[in-house]
Amino acid sequence: MTYTSKSTQCVHSGTVDDTINQGINTPIFTSTAYAYLDKSQHLYPRYFNTPNQKAVIDKVCALEHAEAGLLFSSGMAANTTALLSLLQKGDHIVFPREIYGGTQYLAMHELGKFGIEFSFTKGNAVEDFAQQIRSNTRIIYLETPSNPLLTITDLAAVADLAKSKGILTAIDNTFASPINQNPIDFGIDVVMHSGTKYLGGHSDISCGVIVSSQRLISVIYQSALCFGGVLSSETCYLLERSLKTLHIRVMRQNENALFLAQSLQTHRGIAQVFYPGLESHPGHSIAQKQMKNFGGMLSFDLKGNNPEAFLHSLQLIQPVMSLGGIESTIMQPSATSHAMLSEEERLALGITDRIMRLSVGIEEATDLLTDIEQALEKG
Ligand code: PLP
C-alpha cells in the first residue's frame, strides 16, 4: 500500500516484513555476506542494497517524493558523493553565498583538486544565481532556509532557470527536513540531508541521504560504490526507528520555534529575530509558498548582552555544535560553524559575534522562553 500522509509514511513506509516471527519492526540483518547463486540482485553493504538500508531509503523516498536514493555515513559523505559523481573536470558549480561551512570548505579546498570550478552568488534572489551561470555550469546548489540567517531562495524560480539552460539543481534540505519542504515538488533534481540532524533527531547517530530520480541515482551510485561511505545495518535500524517519530517531532519543533520567534521579536534584549515564519522576514512570502511549516531553526541578534556570558547563563538550552535534536541547543556561528571565515567575510554575510543560532527542541515552549529571558536578564 502507498501512503500519502507524512505521519503514516514516517511510521509505515519501507518497513521490511519479519517473515520468521511476524514481528512488527524491520529485523536487523547483520550479514555482510549474502548468497548470490540464482539471485537477480547481489546484496552487499557497499552496494547500498541490504534490507536495512532499503527499509530506510524507501521511507525517506516516500517522505521526499523521490524515486530512488542512497544512504551514507554522514551528511558530508552524501554531499561530496553527489557533487563528485555529477561533476567532472572543467565543469562549474554555482553555490549560494550562505552555505553550511563544511560544504563551503569542500568548494574552496577540494573541488579545485578535481579541476572543478565554482562561484558563489552575491545574494539569494534568482537573478543572483543567473548572474553566476557560465557556459560550463553543470549544477546550481541550494540551501534554503540557509545557515545561520534562515534566508529563503525561491525553489521553483531557480529550478526553472536551471532547466531552461540544461543545468542540474541540488539542495541541502537539512534545515527544513522532509516534513516542511519537498524540493522535488518544485523541480529540484537532487535532495540531500545531513541525517545526523532532524532525521536522526536524537543527537546520537551520524548519517546522510541523497534522493533523486532513478536516472540520476544510477549515475551517483557508480561513484558512491567506489567512495564507499555506507551506513551499517545497526545504524540503519536506529535511523528507521527515529524516522517513525520524525513528523510528530518536527511538528512540535515548528510550533515551538514560531512561538519563540514571535515572543523574542519584541523582547528589549533582542535586536532582530531571523525566522521565515515571521511576517517581517524578507523571505516570508516565498517560504509560505514552498514550505509546509517554517521549521525548528531560528537565529537572533543580541542587543546588549555579552554573547559568551549569555550562553553561559542558559540553564536548559545547551550550547552545542549540532542541530535538529529533540533537545533545544544553541550556538554562536561566528565561533563555530563559520569560524573558518575571516571576520570580514563573516560581516559581509551579516554574521556578527552577537548572532545566536537556536535549534528548537520538543520541550515545553514556555520553559524555553523563560530560560532565554533569564539569561538575557543576567548578561
Ligand atoms: N548540511 C548542513 C546544513 C549541516 O548543518 C551539516 C552539519 O552540521 C551538514 C550538512 C553535514 O552533515 P554531517 O555532519 O552529518 O556530515
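Residue indices begin at 1 and follow the sequence shown. Counting starts at 1 for both ligands and their atoms, in listed order.
Using a cut-off of 4.0 Å between Lys/Arg side-chain N and Asp/Glu carboxylate O, Glu67 and Arg215 are scored as not salt-bridged. A salt bridge between Glu110 and Lys113 is present, with a side-chain N of the basic residue lying under 4.0 Å from a carboxylate O of the acidic one.
Just one residue in the list His247, Arg249, Arg241 forms a side chain to side chain donor-acceptor pair (under 3.5 Å) with Thr245, and that residue is Arg249.
Residue Phe175 has no N or O atom closer than 3.5 Å to an N or O atom of ligand 1. Remark: ligand 1 and Lys197 share an N or O pair separated by less than 3.5 Å (distance only, no angle test). Not a single N or O atom of Glu143, backbone or side chain, sits closer than 3.5 Å to an N or O atom of ligand 1.
In terms of protein heavy-atom proximity, atom 5 (O) of ligand 1 is closest to Tyr100 CD1, 3.6 Å. Here the heavy atom of the protein found nearest to atom 3 (C) of ligand 1 is Asp172 OD2, 3.5 Å. In terms of protein heavy-atom proximity, atom 12 (O) of ligand 1 is nearest to Ser194 OG, 2.9 Å. At the top of the distance list for atom 15 (O) of ligand 1, counting protein heavy atoms only, stands Thr196 OG1, 2.6 Å.
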List, one per line, each side-chain donor-acceptor pair under 3.5 Å for residues 139-149, sequence neighbours excluded.
from	atom 1	to	atom 2	distance (Å)
Tyr141	OH	Asn79	ND2	3.3
Glu143	OE1	Tyr100	N	2.8
Glu143	OE2	Tyr100	N	3.3
Thr144	OG1	Thr153	N	3.0
Ser146	OG	Glu98	OE1	2.5
Ser146	OG	Thr151	N	3.1
Ser146	OG	Thr151	OG1	2.6
Asn147	OD1	Arg357	NH1	3.0

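Residue contact check: Met76 has heavy atoms under 4.0 Å from atoms 11 (C), 12 (O), 13 (P), 16 (O) of ligand 1.
Counting non-hydrogen atoms of other residues, nucleotides and ligands closer than 6.0 Å to CD of Gln22 gives a total above 12.
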Chi angles and distances behind the side-chain contact (heavy atoms from CB on, under 4.5 Å) call for Ile116, Lys89: CA-CA 5 Å; Ile116 297 164; Lys89 191 175 170 194; 6.0 Å; no
